[in-house]
Colleague: 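Dropping a structure here in structure tokens format, bear with me for questions.
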Protein chains: 2
Amino acid sequence: MTASSQEVPTGTKTKILNAAEKLFGQHGFDATSLRDITAEAGVNLAAVNYHFQSKESLIDALIDRRLGPIKQKRLQMLEAAGPAPALEQIVEAFLAPILDHDLPTAVPLIGRVLSNPSLFLERVYKPHLGETVARFSEALEKALPGLSTEERFWRVHFMAGAMTHILALSGVLPLMEGSGGTLDRATLMARMVTFLVAGFRASADSPHILEKC
Amino acid sequence: MTASSQEVPTGTKTKILNAAEKLFGQHGFDATSLRDITAEAGVNLAAVNYHFQSKESLIDALIDRRLGPIKQKRLQMLEAAGPAPALEQIVEAFLAPILDHDLPTAVPLIGRVLSNPSLFLERVYKPHLGETVARFSEALEKALPGLSTEERFWRVHFMAGAMTHILALSGVLPLMEGSGGTLDRATLMARMVTFLVAGFRASADSPHILEKC
DNA sequence: GTCTATAACCGGATAGAC
DNA sequence: GTCTATCCGGTTATAGAC
């Protein structure tokens with residue numbers, strides 16, 4: 001690690017990361033070429049392969065840059081809530097570090113990363129999410145002792161899905177009718193917490209039976 | 001429309017659609033070449049551009065093929081529930097036509113389609129989903145008169161997100177610990193309905209206030 | 001560390017024989 | 001309707017000058 005790896009955000013490496021985050025978030029990984037990225041960043045094409053080794057490694061670097069701090073903040077908020085956090089605190093600690101992201105380009109990128117089935121298990125969940133989910137699942141077990149392990153597993157993924165969808169579609173949802181036009185983060189957070197907390201509290205022992213039509 | 005457009009599922013056109021659905025679902029649109037598809041289908045490369053005009057049109061044909069019938073089934077289930085359906089019936093009518101899909105390759109494809117921000121608004125939502133969502137939103141308004149339009153809008157998208165995430169990750173979620181190993185559709189449906197119905201019923205007039213840690 | 005130039009390859013689409 | 005052969009543009013990655 002040389003002095004240049006953490007310098008002010010005008011270095012070539014940082015410019016590449018920022019441009020890549022923006023374009024990957026807008027158009028997806030495969031639809032964005034390294035040429036697009038270097039043009040946006042105002043740097044030379046060969047700089048990508050010098051600072052990162054390949055396009056795939058660049059993607060991993062972007063994932064690291066965002067999911068690393070998010071993991072820290074999530075666990076920190078969960079710990080700050082004490083040894084037996086309330087359900088609302090657990091859900092907030094899960095959502096806030098992602099939804100409250102200050103950097104506007106980070107949100108669509110994180111949406112792409114979390115909703116990409118090709119990346120998810122090996123390059124996102126295992127290295128960056130698995131431990132966090134396990135910790136939150138433990139906290140949920142204390143807060144909701146009536147839920148089975150499977151029930152908890154699926155509800156955590158319902159929560160993750162609701163959040164991920166909003167992140168991924170953050171660019172288009174405000175354009176739709178009925179949304180209220182803007183995407184105010186604090187209000188959105190409150191709405192998600194209300195919805196998800198109620199979902200988690202639902203009694204699981206009334207498995208609804210489907211009937212034909 | 002000639003006689004060949006709706007023949008037994010061994011025509012070249014159908015073989016291409018089936019192979020494309022499988023590979024697009026597994027690897028995504030950009031990561032799958034027309035050569036991959038024609039190899040999988042056992043047909044000639046040029047057949048794709050003869051039957052469909054371009055790769056983009058092929059994708060639209062795949063979207064049509066699955067989302068058309070789903071729209072019909074959703075509206076049919078909603079109508080069958082009478083003029084003032086219960087909340088459970090509304091949620092079931094929204095989820096069942098997608099989650100209960102018999103064709104195993106359709107589920108990952110639909111997950112890719114619904115979670116792709118680049119396709120979503122113009123090529124998925126407006127042509128195939130908007131009218132359905134409006135009808136379901138009306139039904140929800142009757143079932144839950146206390147909710148504001150914005151609140152309903154966002155909760156519908158929380159529901160859509162939870163469902164979409166499960167579809168998109170259907171290939172990997174069963175591999176994770178705590179899932180119970182299998183993905184039994186009836187049980188999953190029941191779990192989602194329980195969770196989402198409780199979320200919809202949550203009272204909205206207690207907007208939770210976020211505090212710093 | 002940064003650039004130019006290029007290698008080596010793969011993609012979608014099409015022309016034209018059959 | 002189906003095939004072969006090919007065009008042509010774009011892709012990642014690298015070699016080597018500065």
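We name chains A, B, ... by the order of the sequence lines, and we start the count at 1 in each one. Values below: every heavy atom of this structure, side chains too, minus hydrogens, waters and symmetry copies.
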Colleague: When you measure from the side chain of B/Asp36 to the backbone N and O of B/Ser33, does any donor-acceptor pair fall under 3.5 Å?
Modeller: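 Side chain of B/Asp36 to backbone of B/Ser33: a pair is present.
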Colleague: From NZ of B/Lys15 over to C1' of D/dG1, roughly how many Å is that when rounded to an integer?
Modeller: 13 Å
Colleague: Can you tell me if A/Ser170 uses its side chain to pair, donor with acceptor, with the backbone of A/Leu167 under 3.5 Å?
Modeller: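 Checked: pair present.
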Colleague: Is there a donor-acceptor contact under 3.5 Å from the side chain of A/Arg112 to the main chain of A/Gln26?
Modeller: yes
Colleague: Between B/Ser137 and B/Arg152, do the side chains contain an N or O donor and an N or O acceptor separated by less than 3.5 Å?
Modeller: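 A pair is found: one side chain offers a donor N or O, the other an acceptor, under 3.5 Å apart.
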Colleague: Determine whether the side chains of B/Asp60 and B/Ser57 contain a donor N or O and an acceptor N or O closer than 3.5 Å.
Modeller: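 Their side chains do not contain a donor-acceptor pair, so the 3.5 Å distance test is not met.
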Colleague: Inspect the surroundings of NZ in B/Lys55 and state if more than 12 heavy atoms from other residues, nucleotides or ligands are less than 6.0 Å away.
Modeller: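 Yes.
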Colleague: What's the gap between C/dA8 and D/dC8 when it is taken at their P atoms, as a whole Å value?
Modeller: 22 Å
Colleague: May I ask you to evaluate whether A/Thr12 reaches the phosphate of C/dT2, defined as a side-chain N or O under 4.0 Å from OP1 or OP2?
Modeller: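 Answer yes for this pair, as a side-chain N or O of A/Thr12 is under 4.0 Å from OP1 or OP2.
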Colleague: Let me know the distance between CG of A/Asp36 and P of D/dG10, rounded to the nearest Å.
Modeller: 11 Å
Colleague: Tell me, what's DNA chain C's dot-bracket, Watson-Crick or G-U with both distances under 3.5 Å, | for other-strand, [ ] crossing?
Modeller: ||||||||||.|||||||
Colleague: Could you list the residues that satisfy side-chain contact (heavy atoms from CB on, under 4.5 Å) with B/Asp30, not counting sequence neighbours?
Modeller: A/Asp30, A/Ala31
Colleague: Show me the protein contacts with nucleotides 13-18 of chain D, counting only N or O atoms at under 3.5 Å.
Modeller:
from   : atom 1 : to      : atom 2 : distance (Å)
D/dA13 : OP2    : A/Lys55 : N      : 2.9

Colleague: In this structure, how many angstroms lie between the C1' atom of C/dG12 and the CG atom of B/Asn44, rounded?
Modeller: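 Going from B/Asn44 (CG) to C/dG12 (C1'), I get 14 Å.
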Colleague: Whole Å only: how far is the CG atom of A/Asp30 from the P atom of C/dC10?
Modeller: 16 Å
Colleague: Taking the ring centre of each residue, are A/Phe195 and B/Phe200 less than 6.0 Å apart?
Modeller: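 Yes, the ring of A/Phe195 comes within the 6.0 Å limit of the ring of B/Phe200, centre to centre.
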Colleague: Figure out the CD1/C1' separation between A/Ile16 and C/dC3, and round it to whole Å.
Modeller: 13 Å
